[in-house]
Structures are given as C-alpha cells and as structure tokens.
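Scroll down for the structure; my scribbles are underneath it.
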Amino acid sequence: MSAQAIQVDGVSKRYGARWALVRTSLQINAGESVMLTGHNGSGKTTLLRLMAGLTAPSVGALRVFDRDVVRERQAARTAVALLSHQSGHYDDLSAAENLRLHAALLGRDTQAIDELLARVRLRERADTPVRQFSAGMKKRLSLARVMLKRPKIVLLDEPFGELDPEGMADVETWIAEERKAGTTIVLATHWIDQGRRLSDREVRLTNGRLV
Amino acid sequence: MNATLFATLVAIVKKDLLIEWRTRARLSALVFFSVAALLMFSFALGADIQTMRDHAGGYLWLGLLFASVLALSEAFRVEAENRALEAVLLTPADARAVYLGKALANALLLLLLGALLVPMMLVLYDVGLDGPLHALRLLAVVALGVFAISAPGTLLAAISTNAKSKDLLLPVLLFPLLVPVLLAAVKATALVIAGDPMGDAFTWLSLLVAFNVVYWALGFLLFPSVVDE
Ligand SMILES: Nc1ncnc2c1ncn2[C@@H]1O[C@H](COP(=O)(O)OP(=O)(O)OP(=O)(O)O)[C@@H](O)[C@H]1O
Ligand SMILES: [Mg+2]
C-alpha cells in the first residue's frame with residue numbers, strides 16, 4: 001500500500017457564497033511534517049477541519065490512510081488529532097476531569113493523565129475548573145488532550161498562539177519528538193521560524209488556493 | 001482501542017451529571033422556575049379546590065415541559081461553547097452512544113425535577129394519595145413521560161444549537177412533537193391520582209411506552225447526521 005497519510009483530491013469548500021478553498025490537491029506522506037502558511041482567512045483552518053472530517057468538502061474528496069473522511073468517518077478519525085482555535089473543553093469541569101473524560105472515550109487508562117498535566121505544566125491546577133484558566137493554560141490543556149490520543153497524524157492549528165516563551169519551547173520540543181517518532185504532522189502557523197525548524201516542507205495558501 | 005458503545009454512553013452520562021452538579025446554582029434556578037410555574041397556575045385557577053384537583057396533572061406536566069426546554073438548551077450550550085462536542089466526536093466517539101448518554105442524563109435531570117414537583121403539586125392542589133404504592137405509581141408515570149420528552153428534546157436541541165434563534169427554535173420544533181406525549185401523560189397522571197377505578201391508566205401508559213420506543217429509536221438513528229455536517 002501507499003505510504004500516503006493524507007490525500008487531498010481536488011477539494012473545494014464553500015461557505016454560503018464564499019469559496020474558502022478552491023481546487024486544492026495535496027499529498028502528505030506518512031511521517032512527513034508539513035508547514036501550512038497563508039494570511040488570515042486564506043483557508044488554513046478550513047483545510048485542517050476538512051482533514052479531520054469535521055466538515056465535508058463541497059467538491060472533491062479527502063482520504064486519511066486510505067479512508068474517506070466522510071464515508072469512513074470513524075475509521076479516518078481514529079488516526080487523527082486536531083489542536084484547533086477552539087479549546088474543546090467543558091469549562092465547568094476541571095483540567096483533570098476533562099482529560100479523564102477523553103481517556104474514557106479513547107479506552108485509555110487514566111494513569112497517563114497526571115504525567116500529561118505535568119508535561120504541560122498544569123499539575124498544580126489539575127483540579128481547577130477550566131473556566132478559571134487563562135487563554136494560554138487552556139491551550140496547554142488542549143495540547144495535553146492531543147497528546148493523550150497519541151495519534152498517527154497530528155493537525156496543529158496555530159499551536160504557538162497564546163503561549164508564553166516557555167510554553168512555546170515546550171511545544172517545539174514536543175513536535176520535534178513526535179517528528180522523530182514518525183508521526184505525520186500538519187502545522188498551520190504564522191510563526192515562520194519555528195514552523196521551518198519543525199517541518200520538511202512548506203505549503204502556502206492564498207485566498208483558498210495552493211501556491 | 002476506542003471505547004465501546006456502552007462505555008461511551010456511561011462516560012457521557014457521568015460527564016453530564018458532573019456538570020449539572022458543578023452548576024447546581026443553575027439547577028436550583030430551574031427548580032425555582034418550575035415551582036413558580038405551579039404556583040402561578042394555582043393562583044390563576046382561583047380557590048375552587050375541585051377544579052384544581054381535576055387539573056393537577058395537566059399543570060404538573062406544563063411545569064415539567066417548560067423546565068425541560070430550559071434544561072435541554074442548556075445541555076447543548078455547554079457542548080457548543082468551546083466546540084467540546086466536536087472534540088468528543090473526534091476521539092472518535094460513536095455519535096449514537098453520545099446521543100443515548102445525553103438523552104439519558106437529560107431524562108434523569110427531569111426525573112429529579114419531577115420527583116421534587118410531585119409533592120409540591122400534592123400540596124398546592126390539595127391532592128391526596130393512599131400510601132407509598134400510590135405515590136410510586138405516580139412517579140412511574142412521571143418517569144415514562146420525562147423519558148418521552150428527553151428523547152426528541154435532545155435530538156431537537158442538537159439541531160437548534162446551530163441555528164441563529166435557537167432559544168425560539170427548540171420549543172417551536174419540540175412542542176408540536178410532544179402534544180401526543182403530553183396528552184397521554186396528563187391522562188395517565190389524572191387517572192392515577194384519581195385512583196384509576198376503571199383500570200384505564202394502562203392504555204395511556206402503553207401509549208407512553210410506545211412513544212418512548214419510537215422517539216429513542218429515532219434519536220439513536222438520526223443524531224449522527226445531525227451532529228456531522
Ligand atoms: N463557518 C464559516 N462560515 C462561513 N465562512 C467561513 C467559516 N469558516 C471559515 N470561513 C471563511 O473561509 C475563509 C477561510 O477561513 P479559515 O478560517 O480557513 O482561514 P485561516 O487561514 O485559518 O485564517 P487565520 O490565519 O485567521 O486562522 C475565510 O474567508 C472565512 O471567512
Ligand atoms: Mg485559522
């Protein structure tokens with residue numbers, strides 16, 4: 001079989017009258033790390049959400065490890081984790097409770113949670129409701145959730161935003177580790193220097209088109 | 001390995017009940033709202049004890065219905081707030097199990113509310129019961145009714161969270177669908193309160209059971225297409 005992790009085939013995505021993505025084709029090999037750049041509104045988030053199967057393409061198709069993200073949604077999603085602009089947390093629950101929920105859904109034991117919270121430097125705040133977290137702390141918790149899944153493909157939508165320098169360094173270290181471990185990475189970011197250090201190649205979007 | 005359907009259902013129920021517990025201030029506002037509704041109905045009716053007794057079941061269900069709309073839209077507000085439901089579905093959790101979990105948690109919440117409202121109703125509308133068995137029968141009717149409200153309510157709340165005017169859309173979609181449920185629940189409640197001399201309550205209860213089967217099955221089947229764009 002092909003060593004293709006993600007295959008984007010002539011995909012266009014329309015929101016109302018606006019085309020967010022136009023005839024985009026892209027192949028990403030397993031183990032590859034790709035940086036996705038482009039100005040605000042160029043379609044980076046849209047492309048990542050399509051890859052995760054969270055939104056269906058208006059035209060074209062996407063495959064993740066040879067599974068169609070719409071028709072074989074469950075199977076395709078098993079391979080993927082997405083760090084997105086939205087935190088994905090339940091604000092009324094604590095950091096640990098949010099992770100415990102996801103561990104239960106993933107069928108993982110909860111042993112790793114303490115370690116993960118330490119890794120993102122939230123162990124002291126493990127029992128604080130997420131509503132009382134700062135923006136950067138929420139981002140760290142989202143990262144811990146992505147780490148918990150240990151997916152074959154990591155989709156990162158601006159992972160450096162909102163983080164302090166220490167947090168950014170932590171994320172860089174983690175991405176570098178994942179890269180070494182053979183995880184496929186798609187990294188959408190405006191932090192060009194960090195992105196270049198962490199990726200094999202760069203893909204640029206302008207007004208929903210690959211250039 | 002991903003969680004089974006059952007494990008997912010349990011995780012979602014636990015999560016929702018935990019959120020209810022953490023936000024119990026909101027919960028007590030809901031209780032206060034339904035008690036106030038019962039009080040208002042009794043004021044509106046005036047002092048005719050017999051009329052109040054005759055219609056006690058109807059007012060109980062109106063109170064529960066209004067409270068359920070508030071509870072259901074709140075249950076999906078927490079899902080939409082940070083796109084938390086999306087994160088859950090990405091794990092990838094089976095959307096059908098997520099539906100069953102949320103609908104069950106909503107039903108349990110309404111059942112708790114019902115258990116609090118029934119004694120209020122007995123006092124306010126001067127309804128007497130003969131012993132604990134009679135009370136248990138009444139609670140069984142309440143349970144069947146709230147489960148029949150929660151199943152379509154959870155599905156429609158999921159549909160309306162993405163709409164612009166969600167607070168209006170939910171009751172507009174839900175109330176017509178619940179007319180038969182409400183009718184059966186009110187009849188059964190009235191008969192059980194009156195002691196059911198002719199044994200007619202059974203017919204209405206069977207109808208409630210049938211509504212439950214249909215609505216839970218529909219929700220189970222349709223929920224995935226509602227949450228996946
Ligand atoms: N849910 C939506 N409804 C309507 N239009 C949308 C929606 N999401 C995105 N768009 C539009 O699609 C286009 C691409 O948006 P997208 O979020 O993918 O950009 P982006 O490259 O991620 O930008 P940023 O760098 O600001 O994160 C924009 O024109 C935006 O207005
Ligand atoms: Mg974006």
Side-chain angles (χ1 to χ4, degrees), chain A residues 13 15 49-58 64 67 69-94 96-110 129-131 133 135 138-139 141-142 145-146 148-149 151 155, chain B residues 1-27 29 71 74-102 105 109 161-162 164 223-229:
Chain A
K13 176 69 189 181
Y15 289 112
R49 288 178 59 81
L50 283 160
M51 288 172 173
L54 284 172
T55 177
S58 311
V64 165
R67 308 279 193 166
V69 298
V70 175
R71 271 177 286 123
E72 300 163 279
R73 185 170 262 136
Q74 295 287 107
R77 279 181 178 175
T78 307
V80 173
L82 169 71
L83 179 79
S84 66
H85 291 310
Q86 289 83 13
S87 72
H89 308 315
Y90 293 100
D91 282 350
D92 300 310
L93 300 182
S94 72
E97 285 161 350
N98 269 287
L99 289 184
R100 257 182 251 137
L101 167 69
H102 277 262
L105 295 172
L106 289 162
R108 297 272 156 74
D109 59 42
T110 48
V130 173
R131 198 175 292 289
F133 275 13
K138 287 180 185 170
K139 190 80 167 209
L141 185 58
S142 301
R145 207 181 56 225
V146 170
L148 179 68
K149 187 168 181 182
L155 308 174
Chain B
M1 222 34 259
N2 261 83
T4 60
L5 203 100
F6 184 69
T8 302
L9 187 162
V10 172
I12 297 294
V13 172
K14 269 167 67 179
K15 180 266 292 176
D16 271 3
L17 294 183
L18 190 58
I19 290 179
E20 290 303 341
W21 176 245
R22 286 289 145 73
T23 58
R24 51 194 178 275
R26 280 200 305 244
L27 198 63
E74 181 60 23
F76 275 90
R77 195 192 56 74
V78 303
E79 299 292 348
E81 194 172 31
N82 303 314
R83 296 208 173 151
L85 181 61
E86 198 171 274
V88 162
L89 292 172
L90 257 185
T91 52
D94 191 316
R96 297 169 305 172
V98 173
Y99 167 77
L100 291 181
K102 285 207 72 76
L109 181 67
T161 40
N162 294 323
K164 277 189 204 106
F223 192 77
S225 52
V226 168
V227 290
D228 282 321
E229 195 191 319

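Just so it is clear: chains get the letters A, B, ... in the order the sequence lines come, proteins before strands, and each one is counted from 1. Just the heavy atoms: all of them, side chains too, but no hydrogens, waters or symmetry mates, feed the values below.
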Contact origin within B:Val10 toward chain A - heavy atom pairs under 4.5 Å | neither
Atom OH of A:Tyr15 with >12 non-hydrogen neighbours under 6.0 angstrom = yes
List the atom of B:Ala93, the atom of A:Leu105, and the distance in Å for their closest heavy-atom pair.
-> CB-CD2, 4.3 Å
Could you check which of B:Val98, B:Val88, B:Val78 has the highest count of heavy-atom pairs closer than 4.5 Å to chain A?
-> B:Val88
What part of B:Arg22 is in contact with chain A, defined as an atom under 4.5 angstrom from a non-hydrogen atom: side chain, backbone, both or neither?
-> side chain
How close do A:Tyr90 and B:Ile19 get, heavy atom to heavy atom, and via which atoms?
-> CD2-CD1, 3.7 Å
Is A:Lys149 reaching over with its side chain to a backbone N or O of B:Leu90, donor-acceptor style, under 3.5 angstrom?
-> yes
Considering all heavy atoms, the nearest A:Arg77-B:Leu89 contact = NH1-O, 3.2 Å
Atom group of A:Arg73 that falls short of 4.5 Å from chain B, counting heavy atoms | side chain
Segment of B:Thr8 engaging chain A (4.5 angstrom heavy-atom cut-off) | both
Is there a side-chain contact between B:Glu86 and A:Arg49, using heavy atoms and a 4.5 Å cut-off?
-> yes
Would a distance-only check, ignoring hydrogens and angles, find a side-chain to backbone donor-acceptor pair under 3.5 Å from B:Asn82 to A:Ser87?
-> no
For residues 88-99 of chain B, the salt bridge (charged side-chain N to carboxylate O under 4.0 Å, His left out) pairs (sequence neighbours left out) are B:Asp94-B:Arg96
Chain A contact via B:Ala11 - which portion, at a heavy-atom distance below 4.5 Å = both
Spacing of CG belonging to A:Leu101 relative to OG1 belonging to B:Thr91, to within rounding of 0.5 Å = 8.5 Å
Under the side chain to side chain contact (heavy atoms under 4.5 Å, CB included) criterion, do A:Asp92 and B:Arg26 qualify, and how do the steps go?
-> CA-CA 12 Å; A:Asp92 300 310; B:Arg26 280 200 305 244; 3.6 Å; yes
Among A:His85, A:His102, A:Lys138, A:Arg100, who wins on heavy-atom pairs under 4.5 Å with chain B?
-> A:His102
Interatomic distance, CZ@A:Arg131 vs OG1@B:Thr23, rounded to 0.5 Å, equals 9.0 Å
Around atom CZ of B:Arg24, are there more than 12 heavy atoms of other residues, nucleotides or ligands at under 6.0 Å?
-> yes
